[in-house]
Asker: 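One structure, pasted below without further comment.
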Amino acid sequence: IGLNAGSYDHFAGYFDGQGHTVSNFTITEGHSGYVGLFGYLSGYPVSDLGVTDFTINVTFNGTIYAGGLVWSQDFSGSLSYCYAEGTITVTSTNSYGFVYAGGLAGSVNSGTLEGCHARVPVTASSPNSAYAGGLAGYLTNGTVVADCFASGDVSGASTTYGSTNYGYAGGLVGYTDDGTVNDGGNIRNSYATGNVSARANVSGGFSYAGGLVGLNVTTLENSFALGDVSATGRYRNAGGLVGYNNGTISGGYRSADQTVTNSNNTLGIEADPETLSSTDFLTGTLEWSHSIWTFTESGLPNLDHHWN
């Protein structure tokens with residue numbers, strides 16, 4: 001629905017899904033590398049919509065943007081109470097190509113993700129650089145993520161040698177850029193459970209893997225990660241909460257049961273997974289709201305807006 005930012009047929013309007021879902025679709029070709037139910041969203045909201053039982057499996061000789069719901073959201077648009085449940089595998093074969101892939105959205109610029117979730121394994125690879133996140137691959141310019149979760153395993157790989165080649169992977173978000181924290185962006189009241197791996201070539205390149213965020217340059221608040229984390233390559237950065245941090249962390253937690261391979265930081269407060277999923281901890285210590293989340297004593301919190 002809609003194509004790219006340079007065309008006149010990108011989606012520019014309000015879309016209220018009214019609790020409906022779009023199901024059982026497969027995408028094996030991307031229009032100029034743009035992959036998702038929606039194409040480019042510019043400054044308008046999409047709300048109360050789910051995409052389920054989908055498969056995205058695209059190989060393209062160029063840069064790829066891929067998300068279960070939208071490949072790119074731009075200029076103060078919002079995704080509210082939306083969700084994605086499927087699988088995403090995207091590969092660039094171009095030595096100059098980038099890959100931006102997220103379970104819900106590939107890339108978000110100056111936008112908001114609120115009350116959203118993704119249960120989507122995400123695999124992204126490129127000879128150049130890859131940005132992969134369970135919810136979103138790449139955030140920039142003050143983007144806010146609030147009250148969201150992701151549960152799919154995530155892999156981001158840069159597959160060839162190069163001093164400027166990068167593999168980023170985060171259980172929730174792969175990468176936040178330098179403009180995010182300066183423009184008021186933050187990630188708050190959110191969690192991720194998937195296992196995370198980032199890879200770069202052993203002869204050069206950089207890998208960043210975090211249970212919640214691969215590379216964090218934003219304000220991260222009252223959030224946690226549970227999945228195992230690994231980073232491989234010559235220059236490796238791995239952490240249970242974030243792979244590398246140049247932002248601010250307040251109330252960030254990581255599971256005591258995590259296995260972190262090639263860890264270079266212990267950022268985040270370590271806690272038992274039973275504590276991290278308890279209602280007392282979530283509503284008391286982290287101050288998550290009963291009006292947004294559904295809490296049980298036998299599992300992780302869910303979102304009231306979502307159909308499970």
Side-chain angles (χ1 to χ4, degrees), residues 1-2 10-23 36-52 54 65-86 88 100 102-120 122 133-152 172-173 176 180 183-192 212-213 218-223 282 286-295 300-308:
I1 303 175
H10 64 267
F11 186 81
Y14 298 89
F15 192 100
D16 183 353
Q18 298 183 345
H20 293 288
T21 60
V22 179
S23 302
L37 178 66
F38 284 89
Y40 177 80
L41 301 178
S42 179
Y44 292 90
V46 174
S47 63
D48 295 289
L49 179 66
V51 288
T52 64
F54 66 85
Y65 291 82
L69 183 64
V70 56
W71 69 258
S72 183
Q73 177 194 342
D74 211 349
F75 301 118
S76 302
S78 64
L79 300 178
S80 302
Y81 316 130
C82 295
Y83 68 97
E85 298 178 356
I88 295 177
Y100 305 88
L104 190 73
S107 173
V108 183
N109 176 22
S110 303
T112 300
L113 305 180
E114 180 182 12
C116 296
H117 84 248
R119 293 186 173 103
V120 182
V122 177
L135 188 75
Y138 186 101
L139 305 182
T140 185
N141 291 331
T143 294
V144 172
V145 176
D147 299 296
C148 295
F149 73 86
S151 61
L172 190 75
V173 175
T176 64
T180 307
D183 294 330
N186 64 72
I187 298 170
R188 64 179 184 267
N189 300 2
S190 298
Y191 72 90
L212 195 73
V213 182
T218 188
T219 300
L220 194 160
E221 302 173 298
N222 297 343
S223 300
L282 293 168
L286 298 189
E287 299 181 337
W288 289 17
S289 173
H290 280 280
S291 66
I292 297 174
W293 295 91
T294 299
F295 303 98
L300 291 163
N302 217 321
L303 287 160
D304 274 344
H305 323 287
H306 292 169
W307 307 265
N308 302 292

Asker: Return the minimal non-hydrogen interatomic distance between F149 and L135, and the atom names on each side.
Answerer: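 Result for this residue pair: O-CD1, 4.1 Å.
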Asker: For V108, does its backbone N or O pair with a side-chain atom of T143 as donor and acceptor, under 3.5 Å?
Answerer: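 Between the backbone of V108 and the side chain of T143 there is a qualifying donor-acceptor contact (under 3.5 Å).
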Asker: Is any side-chain N of the basic residue among E221 and R188 closer than 4.0 Å to the acidic one's carboxylate O?
Answerer: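 A salt bridge is absent here (no side-chain N lies under 4.0 Å from a carboxylate O).
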Asker: Do the ring planes of Y191 and W288 sit parallel (below 30°), tilted (30 to 60°) or perpendicular (above 60°)?
Answerer: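 The arrangement is parallel - the two ring planes meet at less than 30°.
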Asker: Which heavy atom of H117 sits nearest a heavy atom of L104, and at what distance?
Answerer: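 Shortest heavy-atom separation between H117 and L104 comes out as O-CD1, 4.3 Å.
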Asker: Which atoms form the tightest heavy-atom contact between V122 and G133, and what is the distance?
Answerer: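 Closest heavy-atom pair between V122 and G133: CG2-O, 3.7 Å.
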Asker: Nearest 0.5 Å please: distance from the CG atom of L49 over to the OH atom of Y81.
Answerer: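 OH of Y81 is found 15.0 Å from CG of L49.
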Asker: As a quick check of understanding, evaluate side-chain contact (heavy atoms from CB on, under 4.5 Å) for L139 and T218, giving each step before the final call.
Answerer: CA-CA 10 Å; L139 305 182; T218 188; over 6 Å; no
Asker: Heavy atoms only: give me the nearest C148-L113 pair and the separation to one decimal.
Answerer: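 Minimum heavy-atom separation between C148 and L113: SG-O, 3.6 Å.
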Asker: Identify the two heavy atoms, one from S190 and one from S223, that lie closest to each other, and give their separation to 0.1 Å.
Answerer: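 Answer, listing the atom of S190 first, then S223: O-CB, 2.9 Å.
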Asker: Determine, step by step, whether N302 and W293 satisfy the side-chain contact (heavy atoms from CB on, under 4.5 Å) criterion, reporting the C-alpha distance in whole Å, the side-chain angles of both residues, the deciding distance to 0.1 Å, and the verdict.
Answerer: CA-CA 6 Å; N302 217 321; W293 295 91; 5.7 Å; no
Asker: Which of these passes side-chain contact (heavy atoms from CB on, under 4.5 Å) with T176: V145, I187, L220?
Answerer: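 Single pass found, and it is I187.
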Asker: Using modelled atom types and a 3.5 Å cut-off, is there a donor and acceptor pairing between side-chain atoms of S110 and backbone atoms of N141?
Answerer: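 The answer is yes, because a donor-acceptor pair under 3.5 Å joins these two groups.
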Asker: Minimum heavy-atom separation for G103 and F54, please, with both atom names.
Answerer: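 Scanning both residues, the minimum pair turns out to be O-CZ, 4.3 Å.
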Asker: Which residues pass the side-chain hydrogen bond (donor to acceptor under 3.5 Å, both in side chains) test with N222, not counting sequence neighbours?
Answerer: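 Partners of N222 under the side-chain hydrogen bond (donor to acceptor under 3.5 Å, both in side chains) test: none.
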Asker: Hey, are S23 and T52 close enough side-chain-wise for a donor-acceptor pair under 3.5 Å?
Answerer: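 Per modelled atom types, T52 and S23 side chains form a pair under 3.5 Å.
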Asker: Once rounded to the nearest 0.5 Å, what's the spacing between atom CG of D147 and atom CG of N189?
Answerer: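 If we round to the nearest 0.5 Å, D147:CG and N189:CG are 5.0 Å apart.
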Asker: Report the residues that fulfil side-chain contact (heavy atoms from CB on, under 4.5 Å) with A192, sequence neighbours left out, ordered by chain and then residue number.
Answerer: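 For A192 the side-chain contact (heavy atoms from CB on, under 4.5 Å) partners, ignoring immediate neighbours, are L172, L212.
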Asker: Nearest 0.5 angstrom please: Y83 OH to L69 CG, how far?
Answerer: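 Atom-to-atom, Y83:OH and L69:CG are 11.0 Å apart.
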